[in-house]
Protein chains: 2
Amino acid sequence: MAVTSLRERKKQATRVALQEAALRLALAKGPDNVRVDEIADAAGVSPRTYNNYFPSREHAIVAAVTASRMPALAAGGPLAAAVADAVVGHYTEPGDPAAMLMITTNPGLRACYVDTAAGIEGPLTEAIVSRGVDAKTAEVLAAAIGAAAKVALRRWLKPAGGLMMVSGSLPELIRAALEPLAPALDATAG
Amino acid sequence: MAVTSLRERKKQATRVALQEAALRLALAKGPDNVRVDEIADAAGVSPRTYNNYFPSREHAIVAAVTASRMPALAAGGPLAAAVADAVVGHYTEPGDPAAMLMITTNPGLRACYVDTAAGIEGPLTEAIVSRGVDAKTAEVLAAAIGAAAKVALRRWLKPAGGLMMVSGSLPELIRAALEPLAPALDATAG
DNA sequence: GCGCAAAGTTGCGTGCACGCAATTTTGGAC
DNA sequence: GTCCAAAATTGCGTGCACGCAACTTTGCGC
């Protein structure tokens with residue numbers, strides 16, 4: 001938040017307005033009954049502008065309940081453990097339970113939520129590099145971690161039994177999914 | 001090709017017809033000047049049917065130059081090596097050079113081509129399982145491998161210097177990208 | 001052959017993503 | 001305060017993906 005030119009603040013404001021409008025409307029009318037136009041309208045902005053902020057209808061809704069930044073990696077200790085802690089940290093947010101239920105229930109939102117995992121790859125790459133790992137190696141590892149996170153999210157969202165029930169603790173699932181990658185991560189230790 | 005009911009053969013035929021029409025038209029007019037309607041038309045099929053076969057305009061074009069199935073994993077030896085060979089094998093196809101140039105040149109096609117890598121995950125999971133690895137572990141590893149493959153493809157497609165030049169040998173890039181995952185793969189050995 | 005259920009195709013309608021060019025807003029320099 | 005270049009917003013137009021509900025084809029049992 002270092003630079004806060006007025007312009008930047010206004011942009012952030014409309015972004016937030018769009019997110020909140022999207023979430024509110026989706027919760028009120030059901031996610032499939034919300035049109036982009038309504039969201040834009042509720043945020044006091046033109047429909048075209050909506051897509052200057054979000055690449056799809058679902059993104060605004062999901063963004064409203066998604067952590068914006070990854071926690072930093074712990075400085076020392078095994079890389080695998082530090083990564084697991086960071087990823088778990090990122091996905092351990094309170095977040096409106098009703099909103100989460102809606103996301104887990106709706107296919108489009110589910111997919112969009114899972115794709116969130118791609119967003120951690122950039123920061124992860126940097127973080128891994130800053131621990132002395134070669135940049136190209138770090139890129140691959142971050143991509144692998146992102147893929148594992150997606151698997152974990154998919155497992156978490158998978159309808160268990162007949163009912164749409166969250167199938168286990170997300171932190172546990174994330175740690176379990178990252179486990180197979182641990183040898184690769186710890187092999188980078190100097 | 002075990003089951004070849006007439007129905008199945010006709011489906012395959014239209015699929016191929018669509019692919020070839022798409023590729024031919026894209027090569028002739030430039031990929032951005034080809035409308036879905038034209039492709040469908042050239043394949044003697046309704047536009048609506050196009051999307052029963054391909055989820056996007058780009059997919060048919062890319063599918064025309066993409067290997068349909070992964071080579072099987074070698075039965076013995078280290079898993080990492082077997083996987084690397086299989087993935088390299090999958091991406092080592094002749095393929096019309098002109099078509100490849102077009103794909104590497106056009107942003108939309110590039111992205112679609114990279115996403116091809118997701119298609120190897122299913123077969124890979126099965127293959128890894130059949131080597132005695134736990135199913136959940138295999139799923140994560142396959143996802144990681146797919147992610148690494150995407151990184152390799154992206155590096156390969158990255159415009160090097162000012163010109164749109166393929167930046168190195170794809171097999172080399174794939175092996176390099178898979179290298180960091182080797183410890184994780186070989187750690188599964190009984 | 002005959003008929004019928006399943007599979008595939010088609011047309012229609014809707015909402016959406018996005019390129020483009022025109023317009024409005026912003027904010028620092030003077 | 002005034003001005004202007006950069007940035008953001010907007011409207012428009014286009015092509016596309018896809019749900020849905022007819023309609024047509026297929027292929028199997030008889």
Side-chain angles (χ1 to χ4, degrees), chain A residues 2-19 21-23 25-26 28-64 105-113 115 118, chain B residues 2-19 21-23 25-26 28-63 105-112 115 118:
Chain A
V3 185
T4 327
S5 87
L6 176 61
R7 232 171 195 158
E8 215 54 38
R9 258 179 291 147
K10 286 195 83 171
K11 270 188 78 123
Q12 227 46 29
T14 41
R15 166 169 246 101
V16 170
L18 283 169
Q19 287 176 2
L23 182 56
L25 288 171
K29 315 176 45 175
D32 290 336
N33 303 323
V34 182
R35 307 278 141 258
V36 163
D37 301 22
E38 304 180 69
I39 301 176
D41 210 47
V45 119
S46 105
R48 180 63 183 83
T49 295
Y50 177 92
N51 285 102
N52 290 343
Y53 283 84
F54 298 99
S56 89
R57 188 173 62 86
E58 288 85 358
H59 270 74
I61 304 177
V62 169
T105 299
N106 183 284
L109 295 180
R110 268 208 303 270
C112 190
Y113 185 65
D115 279 351
Chain B
V3 185
T4 328
S5 87
L6 176 62
R7 232 170 196 158
E8 215 55 37
R9 257 178 292 146
K10 286 194 82 170
K11 269 188 77 126
Q12 227 46 30
T14 41
R15 166 169 245 100
V16 170
L18 282 168
Q19 287 176 3
L23 181 57
L25 288 172
K29 315 176 46 174
D32 289 337
N33 303 323
V34 182
R35 309 277 141 257
V36 163
D37 301 23
E38 304 180 70
I39 302 175
D41 211 47
V45 116
S46 103
R48 180 64 183 84
T49 295
Y50 178 92
N51 284 104
N52 290 343
Y53 283 84
F54 298 100
S56 90
R57 188 173 63 85
E58 287 84 359
H59 270 74
I61 303 177
V62 169
T105 299
N106 182 286
L109 295 179
R110 268 208 304 269
C112 191
D115 279 351

Within residues 28-45 of chain A: residues closer than 4.0 Å to DNA chain C (heavy atoms)
Val34(A), Arg35(A), Val36(A)
If you check the Thr49(A) side chain, which of dA8(D), dT10(D), dG11(C) turns out closest?
dT10(D)
Given protein heavy atoms under 4.0 Å, the one-letter contact record of nucleotides 21-28 of chain D, with B base, S sugar-phosphate only and - none, is simply ----BBS-
Which residues within residues 50-60 of chain A lie with some heavy atom under 4.0 Å of an atom in DNA chain C?
Asn51(A), Pro55(A), Ser56(A), Arg57(A)
Within this structure, what is the CG-CZ distance for the pair Asp115(A) and Arg110(A), rounded to the nearest 0.5 Å?
13.0 Å
Residues in ring pair (Phe, Tyr, Trp, His ring centres under 6.0 Å) with Phe54(A), at least two apart?
Tyr50(A)
Non-neighbouring partners of Asp32(B) that pass side-chain contact (heavy atoms from CB on, under 4.5 Å), sequence neighbours left out:
Arg57(B), Asn106(B)
Sequence neighbours excluded, the answer for side-chain contact (heavy atoms from CB on, under 4.5 Å) partners of Ala42(A) is Ala21(A), Arg24(A), Leu25(A)
Restricting to side-chain contact (heavy atoms from CB on, under 4.5 Å), what partner residues turn up for Ala64(A), sequence neighbours left out?
Gln19(A), Leu23(A)
Apply side chain to side chain donor-acceptor pair (under 3.5 Å) to Thr14(A) and list each qualifying residue two or more places apart in sequence or on a separate chain.
Tyr53(A)
Restricting to salt bridge (charged side-chain N to carboxylate O under 4.0 Å, His left out), what partner residues turn up for Lys29(B), sequence neighbours left out?
Glu38(B)
Protein-nucleotides 19-22 of chain C N/O pairs under 3.5 Å:
{"unit_1": "dG19(C)", "atom_1": "N7", "unit_2": "Arg48(A)", "atom_2": "NH2", "d": "3.0"}
{"unit_1": "dG19(C)", "atom_1": "O6", "unit_2": "Arg48(A)", "atom_2": "NE", "d": "2.5"}

Please state how far atom NZ in Lys11(A) lies from atom C1' in dT10(D), giving the value in whole angstrom units.
15 Å
Rounded to the nearest 0.5 Å, what separation is found between the CZ atom of Arg15(B) and the CG atom of Leu18(B)?
8.5 Å
As an exercise, state the distance from CG of Asn52(B) to NZ of Lys11(B), rounded to the nearest 0.5 Å.
8.0 Å
If you compare all heavy atoms of Ala22(A) against all heavy atoms of Ala60(A), which two are closest, and at what distance to 0.1 Å?
CB-CB, 3.8 Å
Taking only residues two or more places apart in sequence, or in another chain, which ones meet Ser46(B) in a side-chain contact (heavy atoms from CB on, under 4.5 Å)?
Arg48(B), Thr49(B)
Looking at every heavy atom in both Asn51(B) and Ser56(B), which two are closest together, and how far apart are they?
ND2-N, 4.4 Å
